Amino acid sequence: MLKIYNSIAREKQTFTPIEAGKVKMYVCGMTVYDFCHLGHARVLVVFDAVQRWLRASGLDVTYVRNITDIDDKIIRRAVENGETIGQLTDRFIAAMDEDATALGVQKPTHEPRATDYVPQMLGLIGQLEANGLAYKAADGDVNFSVRKFPGYGRLSGKSLDDLRAGERVEVDSAKQDPLDFVLWKHAKAGEPAWESPWGAGRPGWHIECSAMSSDLLGQHFDIHGGGQDLQFPHHENEIAQSEGAHGCTFVNYWMHNGFVRVDDEKMSKSLGNFFTIRDVLKKYDAEVVRFFILRAHYRSPLNYSDAHLDDARQALSRLYTALKAVVPDAAGVDREEAHAQGFQAAMDDDFNTPEALAVLFELANEVNRSKDARLAGQLKGLAGILGLLERDPVAFLQGAAGSDDEGLSPAVIEERIAARAAAKKAKDFAEADRLRAELLAAGIVLEDSAQGTTWRRA
RNA sequence: GGCGCGGUAGCAAAGCGGUUAUGCAGAGGACUGCAAAUCCUUCCAGGGCGGUUCGACUCCGCCCCGCGCCUCCA
């Protein structure tokens with residue numbers, strides 16, 4: 001029985017889909033004006049794992065992850081670069097796809113772009129106006145009136161009076177309440193604009209998610225996810241818009257993943273302390289990065305450092321080493337088997353991937369001991385549910401550390417191994433050891449066995 | 001100021017009111033020409049002070065420390 005920590009209830013709850021056997025899930029994706037950083041990688045990987053587990057549990061999943069392709073930063077960046085908004089966003093969408101694919105992230109069912117949903121947004125804004133929740137301000141913007149929506153603040157646990165608007169935000173005098181947020185921004189010179197009943201303009205940020213989710217998943221759906229920083233105000237505003245327009249519950253389960261940090265501080269664009277996914281992939285294998293992310297629970301903070309990535313790589317190597325030694329049975333996962341049951345219990349407990357991974361290490365230990373192909377099959381099969389251990393073990397163990405790696409070529413390594421074999425045969429162990437040490441210095445570890453010598457990268 | 005999260009062994013990271021988490025690193029042993037890998041054994045925990053309990057890392061209270069949201073942000 002799957003339990004999910006529901007942010008709006010602040011507790012783990014048994015997951016019951018609205019429609020038996022089906023799950024409709026929406027996750028806030030990227031604003032595409034720059035390369036994705038590790039924080040984005042975490043959202044991608046975490047909700048990919050969620051989605052995979054739901055499917056592995058036999059549910060029919062519709063997974064929507066949106067793309068924000070119009071906003072202030074995109075407009076500004078396009079101007080800075082001297083390119084069109086379309087050129088900029090196409091470029092970074094392609095880059096995001098590359099990064100996601102590298103990390104083993106499966107394609108969502110739908111990846112809607114905000115600019116394709118302007119009519120639906122206008123429809124929603126019209127409904128909100130009809131319901132008395134939206135108003136056109138003196139400056140031409142259409143705003144949402146938070147005071148008129150009774151449940152405002154429920155998700156984030158904030159009360160309107162405690163928010164002390166103005167303390168950190170400059171008060172916008174055109175708003176009836178400082179916490180009112182923009183649904184439709186009036187057009188400014190040189191900026192892209194769409195016609196609307198309220199005049200030419202462009203959408204506010206929050207409205208796109210309400211429009212796309214209801215269009216693709218319906219007015220009421222199961223799971224909505226995103227980074228912790230979106231809980232307020234973004235998701236709070238989504239609830240206000242969607243429930244305010246539709247008059248029904250918006251989402252049953254809210255999920256928020258924790259931040260990636262650097263030196264115990266949130267990794268963020270505004271702090272400038274971020275590492276892009278592609279930077280990290282220069283030094284580390286993408287599967288190592290995926291493993292590193294899944295090694296922590298999705299709601300916990302995750303500290304990034306090279307030392308932690310090195311550690312993750314060592315750990316993942318242990319799993320691959322077990323599969324290298326025993327060819328896994330291809331029969332598929334036996335879900336009744338003890339480890340599979342443990343794995344399931346872990347994943348059913350709010351997607352506890354660290355504990356699920358611990359089960360994999362227990363399996364690896366038993367595989368090493370028993371050389372049991374069936375258990376190796378369990379290991380590979382269960383890991384596969386999380387998108388791990390899907391490569392050839394030797395390819396992983398001999399693979400480059402990252403895209404920038406300039407290690408010895410396999411041909412050169414094989415040549416040295418042959419030379420060492422000859423030295424060994426001649427009982428010239430000093431020469432054999434010299435060759436081993438030479439390779440080790442180049443990051444190559446040799447492993448002798450009855451079947452001959454194999455190698456891997458340290 | 002308001003709201004919230006967390007402090008676990010050298011590092012990382014989980015569960016759990018009483019029984020080995022797990023990985024990396026360390027120590028000893030087996031194996032090996034020597035290694036590596038693997039296996040076996042092993043060292044190292046639960047911020048501080050109280051309380052509840054036969055028993056608390058696990059529940060409760062207070063304190064200290066760190067972090068986050070309240071502004072664009074995954």
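Sequence lines set the chain letters: A, B, ... in the order given, protein chains first and strands last, and positions in each chain run from 1. What you are looking at is a predicted structure, and each value in this text was computed from that prediction instead of being measured. Any value given below was found using the heavy atoms of this structure, including those in side chains, with hydrogens, waters and symmetry copies removed.
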Work out which heavy atom in [X] is nearest to a heavy atom in [Y]; give both atom names and the distance.
{"X": "A:Ala114", "Y": "A:Glu208", "result": "CB-OE1, 3.5 Å"}
{"X": "A:Asp263", "Y": "A:Asn303", "result": "N-OD1, 3.8 Å"}
{"X": "A:Pro150", "Y": "A:Lys148", "result": "CD-O, 3.4 Å"}

Under 4.0 Å between a side-chain N/O of [X] and OP1 or OP2 of [N], yes or no?
{"X": "A:Arg10", "N": "B:rC5", "answer": "no"}
{"X": "A:Arg299", "N": "B:rG4", "answer": "no"}
{"X": "A:Arg456", "N": "B:rA37", "answer": "yes"}
{"X": "A:Lys266", "N": "B:rC69", "answer": "yes"}
{"X": "A:Asn365", "N": "B:rU38", "answer": "no"}
{"X": "A:Arg369", "N": "B:rC40", "answer": "yes"}
{"X": "A:Trp455", "N": "B:rA37", "answer": "no"}
{"X": "A:Asn257", "N": "B:rA74", "answer": "no"}
{"X": "A:Gln228", "N": "B:rA74", "answer": "no"}

Assign a letter to each nucleotide of nucleotides 14-20 of chain B from its 5' end: B, base within under 4.0 Å of a protein heavy atom; S, sugar-phosphate only; -, no contact. SS-----
Specify whether A:Phe221 and A:Phe250 have parallel, tilted or perpendicular ring planes, treating 30° as the upper limit for parallel and 60° as the lower limit for perpendicular. perpendicular
On the 0 to 90° scale, with breaks at 30° and 60°, tag the A:His235-A:His256 ring pair as parallel, tilted or perpendicular. tilted
Is there a Watson-Crick or G-U wobble partner for [N] with both distances under 3.5 Å, and which nucleotide is it?
{"N": "B:rA27", "result": "B:rU41"}
{"N": "B:rG17", "result": "none"}
{"N": "B:rU32", "result": "none"}
{"N": "B:rG68", "result": "B:rC3"}
{"N": "B:rU22", "result": "B:rA12"}
{"N": "B:rC59", "result": "B:rG51"}

Closest to side chain of [X], choosing from [options]:
{"X": "A:Lys424", "options": "B:rC69, B:rG23, B:rG33", "value": "B:rG33"}
{"X": "A:Lys158", "options": "B:rG33, B:rC70, B:rC24", "value": "B:rC70"}
{"X": "A:His308", "options": "B:rA12, B:rC69, B:rA74", "value": "B:rA12"}
{"X": "A:His40", "options": "B:rC73, B:rG68, B:rA25", "value": "B:rC73"}

Nucleotide [N], atom [atom2] - distance to [atom1] of [X] in whole Å:
{"X": "A:Asp71", "N": "B:rA74", "atom1": "CG", "atom2": "C1'", "answer": "14 Å"}
{"X": "A:Asn66", "N": "B:rC73", "atom1": "CG", "atom2": "P", "answer": "11 Å"}
{"X": "A:His339", "N": "B:rU22", "atom1": "NE2", "atom2": "C1'", "answer": "12 Å"}
{"X": "A:Phe259", "N": "B:rG66", "atom1": "CZ", "atom2": "P", "answer": "19 Å"}
{"X": "A:Leu360", "N": "B:rA21", "atom1": "CG", "atom2": "C1'", "answer": "14 Å"}
{"X": "A:Leu323", "N": "B:rA37", "atom1": "CG", "atom2": "P", "answer": "17 Å"}

Ignoring hydrogens and geometry beyond distance, is a side-chain donor-acceptor pair present between [X] and [Y] at under 3.5 Å?
{"X": "A:Trp205", "Y": "A:Asp72", "result": "no"}
{"X": "A:Tyr63", "Y": "A:Asp48", "result": "no"}
{"X": "A:Lys324", "Y": "A:Thr454", "result": "yes"}
{"X": "A:Glu238", "Y": "A:Tyr26", "result": "no"}

Once you apply a heavy-atom cut-off of 4.0 Å, does [X] come out as touching a base, just sugar-phosphate, or nothing?
{"X": "A:Val46", "value": "nothing"}
{"X": "A:Leu446", "value": "base"}
{"X": "A:Gly39", "value": "base"}
{"X": "A:Gly258", "value": "base"}
{"X": "A:Thr321", "value": "sugar-phosphate"}
{"X": "A:Arg420", "value": "base"}
{"X": "A:Phe429", "value": "base"}
{"X": "A:Asp264", "value": "sugar-phosphate"}
{"X": "A:Ala358", "value": "base"}
{"X": "A:Gln231", "value": "nothing"}

If the [atom1] atom of [N] is compared with that of [M], how far apart are they to the nearest Å?
{"N": "B:rC40", "M": "B:rU20", "atom1": "C1'", "result": "14 Å"}
{"N": "B:rA56", "M": "B:rU41", "atom1": "C1'", "result": "30 Å"}
{"N": "B:rA36", "M": "B:rG48", "atom1": "P", "result": "38 Å"}

For A:Leu316 and for A:Asp448, locate the closest nucleotide of RNA chain B by heavy-atom distance; then report the residue assigned to the nucleotide nearer the 5' terminus. A:Leu316
For A:Ala364 and for A:Phe232, find the nucleotide of RNA chain B with the closest heavy atom, then tell me which residue's nucleotide is more 5'. A:Ala364
With a 3.5 Å cut-off and heavy atoms only, can you find an N or O donor on one side and an acceptor on the other between the side chain of A:Arg436 and the base of B:rC34? yes
With hydrogens left out and only the distance checked, is there a donor-acceptor pair under 3.5 Å joining A:Asp161's side chain and the base of B:rG2? no
With sequence neighbours left out, write down each residue that passes side chain to side chain contact (heavy atoms under 4.5 Å, CB included) with A:Asp116, or none if nothing qualifies. A:Arg113
Between A:Thr109, A:Thr62, A:Val64, A:Val61, which is the residue that forms a side chain to side chain contact (heavy atoms under 4.5 Å, CB included) with A:Lys24? A:Thr62
